[in-house]
Participant: 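Attaching a single structure in structure tokens format; questions to follow.
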Amino acid sequence: MSEPEIIRDPAEMTAWSRAARGRGARIAFVPTMGALHEGHVTLLRQARRRGDKLALSIFVNPTQFGPHEDLARYPRDLPGDLHKAAAAGTDVAFVPEAADMYPPGHQTVVEVRELARGLDGVFRPGHFAGVATVVAKLFNIVAPDVALFGEKDFQQLAIVRRMVADLSMPIEIVGVPTVREPDGLAMSSRNAYLSPAERARALTLSRALFAARDRAAAGERDAAALLSPARAALDVDRLDYLELCDAATLAPMASLDRPAVMLVAAFVGRTRLIDNVQLGATDEIQRPPAP
Ligand code: AMP
């Protein structure tokens, strides 16, 4: 198990990628903000099987944080990250400096419109423009054949898929199901902020979502009837949103008549957590007969 090669310079990263591709290698890519946990490692392991060369990026992207968010205290652990990346078979870790990603005078932004309007787009203004822009830059620098993203960040995954289609980027996007702790808590770098008492309350997010999924599986189709018990089950300090949305468009739904996703964002203490479950993505939904 050898440590991945570390590249800090974007031009050097592109040269590495060109050379690998010149030798006929298919490049798989997993972008992250570091503080790697089992969710990230699952993405890396799946990526390993999808390419001949595996590139990881670790970049805490300042443009996707709001002025009052946790950029300064976001967890960082490069040695630990490299160790986990090595164990997952990573060939190269691209770890750029913010000054190299955003040189003075930069002024171009990628904006995915409708998909970025609701949900986190309401509570984190500018967040998804920051995400789409940095992902587009990383795609240009790394030039992967395939890139993997977690369904944990469901809206982000939808936005990345849309951007790649809209901008004709020749990159396959693969979504990976959310990796959870044994008790159901979605893994997140931000879980490190939680005290034991906060962690216990954080668990009410996944519990509420799972209970809603069970109700849907038992036949409940009404959005309000799915949402209100879920809302009541949450023990959080501030609920940003709990919504039932169309899994493709992320538009709110009144009735579970097509594949849907229930998404939640809430603060437990000072920590903002998100989670989601997909409902009716399988055959359990009886589609109405065609007119
Ligand atoms: P982040 O470092 O939080 O930006 O996440 C990097 C990538 O890992 C994103 O595609 C996330 O969706 C994904 N990810 C984060 N947490 C999880 C998880 N618990 N399960 C699956 N993927 C995850």
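In each ligand, atom 1 is the first atom listed, and ligand 1 is the first ligand listed. Each residue takes its place number in the sequence, starting with 1.
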Participant: Quick check on contacts: which atoms of ligand 1 are under 4.0 angstrom from a heavy atom of Phe149?
Facilitator: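 Under 4.0 Å from Phe149, ligand 1 has these atoms: 10 (O).
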
Participant: Taking the six-membered ring of Phe29, is NZ or CZ of Lys53 closer than 6.0 Å to its centre and within 45° of its axis?
Facilitator: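 Verdict for Phe29: no cation-pi partner in Lys53.
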
Participant: Any sub-3.5 Å donor-acceptor pair from Arg48's side-chain atoms to Gly89's backbone N or O?
Facilitator: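 Side chain of Arg48 to backbone of Gly89: a pair is present.
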
Participant: Any donor and acceptor pair, going by atom type alone, linking the side chain of Asp9 with main-chain N or O of Pro96 inside 3.5 Å?
Facilitator: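 Not a single qualifying donor-acceptor pair exists.
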
Participant: To check your reading of the model: name the closest protein heavy atom to atom 8 (O) of ligand 1, its residue, and the distance in Å.
Facilitator: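 Residue, atom and distance for the closest contact: His40 CD2, 3.4 Å.
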
Participant: Would you please classify the geometry between the Phe123 ring and the Tyr241 ring as parallel, tilted or perpendicular, with 30° and 60° separating the classes?
Facilitator: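 Tilted, since the angle between the ring planes falls between 30° and 60°.
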
Participant: Decide whether an N or O pair under 3.5 Å exists between Met187 and ligand 1.
Facilitator: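 By distance alone, the answer is yes.
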
Participant: Keeping Ser57 on the side-chain end and Phe94 on the backbone end, is there a donor-acceptor pair under 3.5 Å?
Facilitator: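 No, because the side chain of Ser57 does not come within donor-acceptor range (under 3.5 Å) of the backbone of Phe94.
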
Participant: Does even one non-hydrogen atom of Leu43 get within less than 4.0 Å of ligand 1?
Facilitator: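 Under 4.0 Å: yes for Leu43.
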
Participant: Looking only at protein heavy atoms, which one is nearest to atom 20 (N) of ligand 1, and what is the separation?
Facilitator: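 Answer for atom 20 (N) of ligand 1: Val179 N, 2.8 Å.
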
Participant: Flag the pair Asp275 and Arg207 as a salt bridge only when some basic side-chain nitrogen lies within less than 4.0 angstrom of an acidic carboxylate oxygen.
Facilitator: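 No, no charged N to carboxylate O under 4.0 Å.
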
Participant: Nearest non-hydrogen atom to atom 15 (C) of ligand 1 belongs to which of Met33, His37, Gln156?
Facilitator: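 Looking at heavy atoms only, His37 sits closest to atom 15 (C) of ligand 1.
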
Participant: Students should be able to answer this: which protein heavy-atom is nearest to atom 11 (C) of ligand 1, and at what distance?
Facilitator: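 Result for atom 11 (C) of ligand 1: Asp153 OD2, 3.1 Å.
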
Participant: Please work out which of Gly175, Pro31, Pro75, Gly150 has its closest non-hydrogen atom nearest to atom 10 (O) of ligand 1.
Facilitator: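 Heavy atom nearest to atom 10 (O) of ligand 1 belongs to Gly150.
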
Participant: What atoms of ligand 1 come within less than 4.0 Å of a heavy atom belonging to Pro177?
Facilitator: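 Numbered from 1, ligand 1 contributes 21 (C).
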
Participant: Between Arg73 and Tyr193, is NZ or CZ placed under 6.0 angstrom from the six-membered ring centre and within 45° of the ring axis?
Facilitator: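 The answer is yes; both the distance and angle limits are met.
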
